Amino acid sequence: MVTAIKASNLGARATATLLAGTILSGLVSPACAQTAPQPAPAAPVTPAPAATPAVARTIKSLRVEGSQRIEPETVLSYTRLRVGDSYTNETVDQAIKDLLSSDLLADVAIEGVESGNLVIRIRENPVINRVVFEGNKRLKQDKIDKEIKLRPRQIFTRTAVRADIARIVELYRRQGRFAARIEPKMVSLDQNRVDVIFEIHEGPKSKVRQINIIGNDVFSDKKLRGQMATKVASLTHLLSSNTSYDQDRLAYDQMKLRQFYLTQGYADFRVISAVAELTPDKKDFIITYVVEEGPRYKFGPVTVDSAIRDFDDKKLAAALPIKEGQWYDAKAVEDTVEQLSETAGLFGYAFADVRPDFQRNKDALTMSMNFHIGEANRTYVERVDITGNRQTQDKVIRREMRVAEGDAFNTFLVKRSQDRINSLGYFQDKFEIERNEGSSPDRIVLGANVEERPNGELTLSAGFSSLERFILQASIRQRNFRGMGQTVSISADYSSYSKSVELGFTEPYLFDSNIALGGTVFRRDYNSFNFLQNNTRNTTYRQISTGFQLVAGLPLTEYWTLSGRYYLSKDDVTLDEAQFYTNGQCDPIRAGRYFCDSVGNRLTSLVGVSMIYDSLNSRLRPTRGQRVSLGVDVAGLGGNVRYIRGKANADKYWGLGSGFVFSLSGEGGVIKSLDGSEVRIIDRFYLGEPQFRGFDIRGVGPRVQRFFYTGDAASGTQVLNSARDQFVDDALGGKAYYLTKAELELPLGSGAAELGLRPSVYIMAGSLFSIRKPTINNFFIQATDSSGKLLYNTDGSPTYLQPPLNDTDGTPLYQVTTGTYQGQVTRCTIGYAASAGDPCLGTSVNTRALNSTAPFYEVFRGSTARPRISIGFGVNWNSPFGPLRIDIAKALLSQPGDDKKLVTFNVGTQF
């Protein structure tokens, strides 16, 4: 019902009904099979009286009254009435119908029918001033505006209102809101103008309450419902968008059911009916499928009939994946057709026609197959068309193509070209090279229709991570600089863990050759730390590195690449003097001898080489292929650091179908000093978060743990404090490590995929080991009893005493007990002397001075090749705040000293 509201000059509004009987609502007609209604019994027929002959009259005069915007001639043009013509009552009625059907007029009356002086009185339809929507929260106005036809300054008509209501209702139905109602209203204004108002009652989304399946004996309802895209609304599908009713999805589910049964051998399966019934409250749907499974078939004889002379029919048949006696599988038949087409393409037959012939034996329940390969011409590439690249130069794409104009067509090379272009990351996901017929049957045109994505990245972010605490990051990166495939990057990072500035440039095809060249210049300020007493951070050492690196790559074959690099870095390792120094020297008691040995400036000049095998279909998100890298680095080409380091990495990916991707990866390394000295602590390998999930940063491998005592030995209350947040844990790194991982990436719905969510489950195993046991502090004196036997505390730890304090030359020192200099340390046993050699003044009898360092107990742990194992679940999310990685990993197997961690997350770092 359209309600008209007339606005007077004083602004008062009165409400009146304008279009009675035009109420439209969002009620759905259930998609159900219904029996056609029986016709009603025929009523007795009463003979009609004889029709009175129509009396013809002549139009003497004809005029139009009531027109405002429409010219009278325009009104008359819609009728057949003309002065001097004869007319009847039927002619007048038809004129009124014609005028109303023009959609220009709201009311029409014709007077003077009896006299012949006809007056056509009209009331024009108003002009639309504006179109207003009220109550639309789930549908934005711009989306509705695209669908409706009513516009300001157009003529208002009932027909247009009805049509627009139907369109709006359909929009809500597509969202699953079948209870939506639209109530149109009209506000009358001066000058015959109106405002059209659509009052929208959206209603709730109509969910799928229940899915019933009738006729299935072999597979359970649960199994079959799992094949459907439509899901029953429940807590397990709370985030799914497929719980709402969709007519198109209903047809899709029928196709999915048939596909499932065909892959299980049920070639006669069919869906007899699919009924969707809306509940009385219009909130939910109940869907019922009636199916007929039929018998299960096996493959009969499988043969190949090829009209191409290059092929041996028997050898092709023997290589097919389907064999006689196996259960029939329609998907296997499709894969076989694709395999034969790919095989023909390898020999240059791009348009080979492979047709499977089915011979069903209902008595033996077998399906014999014959794959016929039609006669085809060997095909050559006529040209390669590249379109859609507005910024990227043609040569950037063409140099990744493995076929060129004039080459024989080869499906393997075309597929490889497609993978290489995808790996660039410059274009849309799942890019495919199109194959089109050329100017003759033996010519093919390859089309690379790309859709460029933004390749420039400007990042200004702040975040918090369990690894680095507060993070500030700014970076500019262009992965397709000037459309030439070059990469330029500038980045700066600041956190309580590290600070860095880095500039990089990479040219993948130097002077249009196959040589890649890149380089970076950097300055990195890195703080190594541990946590004490309720996660208070304790910095152990600071490393400042300034330098550059040059990297060059030369492809040897399609998959093998030789890479070389040169690295020059000046490293300055320092310790906090207030915390770890005594008399200007690094104090091994405070810092540990392993840290004192690393302090100083060193120059590292390193040259390295790697052999890389890469057959991944994408370097960004691979789903198949493998990558193996073997590298050796030698430091000693200048500088004062000498070592040799070897590393190996391997990754293998399998696409399992339906979005599942399984991968295996492994890496390992070893480093050895070339001058006989111990490898510096900053050059060793480290293992833990983030690469080894389930363990804290540097949480795996050799370490020295320093435990402190509570109480004192004299009173017998000395106890070793082993609480996790009360001891110092210094990771020392290792000279050898290995790490393996098995991971399964799980598929999500299209909505979650658009958000960039990529969950996975994994299991990891690895270890870090092989360093020389460091010198452990034995500065403290273990207490003995009267017989000289060593004493231990009740917890089994050694009972340590504070050792006597000596001067730098070994002279015993004493503490003044009384007088003016009470508490001062001196060499005098009696009295006090400010400096060595001065006379001892005073009569104070001094006591032996003790070292102020509280007793502690150190232990070396973790240097073992035994594996650590963790299992976990993680999610990558390209969030609006930057890349986010969340992991929940449980360490199943660890070694004494390892630092475990259950939940980790990182924001603003690369995955």
Side-chain angles (χ1 to χ4, degrees), residues 342 346 396-404 407 410-426 430-431 433 479 485 487 506-510 513-520 549-567 606-634 644-656 660-671 685 691 736-745 760 762 764-766 910-911:
E342 292 292 324
L346 290 174
V396 174
I397 303 174
R398 290 187 183 276
R399 65 195 183 193
E400 303 299 332
M401 297 289 294
R402 290 302 174 256
V403 288
D407 290 351
N410 186 296
T411 53
F412 173 78
L413 295 180
V414 171
K415 183 65 175 175
R416 180 60 182 166
S417 302
Q418 183 175 295
D419 290 344
R420 291 180 65 93
I421 295 174
N422 271 320
S423 292
L424 293 175
Y426 304 156
K430 298 181 180 179
F431 159 80
I433 295 178
R479 293 185 294 113
T487 300
T506 301
E507 170 56 73
Y509 286 83
L510 186 64
S513 67
N514 276 341
I515 299 176
L517 182 65
T520 57
Q549 178 176 251
L550 295 175
V551 180
L554 175 64
L556 302 179
T557 67
E558 179 62 26
Y559 299 109
W560 284 99
T561 300
L562 176 65
S563 175
R565 56 192 165 274
Y566 176 74
Y567 175 89
L606 178 147
V607 62
V609 63
S610 295
M611 284 292 293
I612 303 169
Y613 176 84
D614 188 349
S615 64
L616 298 178
N617 65 332
S618 173
R619 296 188 185 95
L620 302 177
R621 291 186 181 177
T623 58
R624 58 178 170 82
Q626 56 190 348
R627 188 180 190 277
V628 179
S629 173
L630 300 173
V632 176
D633 296 317
V634 178
I644 182 171
R645 179 176 61 200
K647 288 190 68 175
N649 300 78
D651 302 279
K652 175 72 174 177
Y653 294 85
W654 294 270
L656 305 181
F660 290 93
V661 179
F662 179 71
S663 63
L664 289 175
S665 62
E667 62 177 286
V670 62
I671 185 171
F685 300 110
Q691 69 268 41
Y737 84 101
Y738 65 88
L739 180 64
T740 61
K741 179 180 67 174
E743 186 168 12
L744 179 64
E745 187 172 319
S760 63
Y762 50 82
M764 306 183 74
Q910 293 296 320
F911 299 140

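Reckoned from all heavy atoms, side chains included, excluding hydrogens, waters and symmetry mates. The model shown is predicted, which means the values in this text are computed figures rather than measured ones.
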Rounded to the nearest 0.5 Å, the CG atom of Asp651 sits from the CG atom of Leu664 at a distance of 9.5 Å

So Asn617 and Thr623, do their side chains get closer than 4.5 Å, heavy atoms only? yes

Run Val414 and Val403 through side-chain contact (heavy atoms from CB on, under 4.5 Å) and show every step you take. CA-CA 7 Å; Val414 171; Val403 288; 4.3 Å; yes

Backbone N/O of Phe431 and side chain of Asn422: donor-acceptor pair under 3.5 Å: yes

Do the side chains of Ile644 and Val632 get nearer than 4.5 Å, heavy atoms only? yes

Ignoring hydrogens, what is the shortest heavy-atom contact between Ser563 and Val551? Give both atom names and the distance. OG-CG1, 3.9 Å

With rounding to the nearest 0.5 Å, note down the distance linking OG1 in Thr487 to CZ in Arg479. 7.5 Å

I'd like to know whether Tyr426 forms a side-chain contact (heavy atoms from CB on, under 4.5 Å) with Val396, so could you lay out the CA-CA distance, the side-chain angles of the two residues, the decisive distance to 0.1 Å, and finally the verdict. CA-CA 10 Å; Tyr426 304 156; Val396 174; 3.9 Å; yes

Intermediate values then yes/no, side-chain contact (heavy atoms from CB on, under 4.5 Å), Tyr613 and Arg627: CA-CA 5 Å; Tyr613 176 84; Arg627 188 180 190 277; over 6 Å; no

Which atom pair, heavy atoms only, marks the closest approach of Ser610 to Ser629? CB-OG, 4.4 Å

Test item: Ile612 and Trp560 side chains (from C-beta on) under 4.5 Å apart, heavy atoms: no

Are side-chain heavy atoms of Glu745 and Tyr653 found at a separation under 4.5 Å? no

Donor-acceptor pair, side chain of Glu507 and main chain of Leu517, under 3.5 angstrom: no

The test is salt bridge (charged side-chain N to carboxylate O under 4.0 Å, His left out); show your working for Asp419 and Arg624 and say whether it passes. CA-CA 10 Å; Asp419 290 344; Arg624 58 178 170 82; 3.1 Å; yes

Evaluate the criterion side-chain contact (heavy atoms from CB on, under 4.5 Å) for residue pair Tyr737 and Glu667; output intermediate values, then yes/no. CA-CA 8 Å; Tyr737 84 101; Glu667 62 177 286; 2.6 Å; yes

Give, for atom CG of Asp633 and atom CG of Leu606, the distance between the pair rounded to the nearest 0.5 Å. 4.5 Å

Ile515 vs Tyr509 side-chain heavy atoms within contact, under 4.5 Å: no

Non-hydrogen atoms of Ser423 and Ser618 that approach each other most closely: OG-CA, 3.2 Å

The reported gap from CD1 in Ile397 to OG in Ser417 (rounded to nearest 0.5 angstrom) is 12.0 Å

Out of curiosity, Gln691 CD to Met764 CE, how far, rounded to the nearest 0.5 Å? 8.0 Å

Are any of the side-chain heavy atoms of Leu562 and Met611 separated by less than 4.5 Å? yes

For residues Ile671 and Phe685, determine if any side-chain heavy atom of one lies less than 4.5 Å from a side-chain heavy atom of the other. yes

Give a yes or no on whether Arg619 atom CZ has more than 12 heavy-atom contacts from other residues, nucleotides or ligands under 6.0 Å away. no

Here the gap from Arg402 atom CZ to Glu558 atom CD, rounded to the nearest 0.5 Å, amounts to 4.5 Å

Taking side chain as C-beta onward, heavy atoms only, is Arg416 less than 4.5 Å from Tyr559? yes

Looking only at heavy atoms, the pair that brings Pro622 and Leu616 closest together is CB-CD2, 4.1 Å

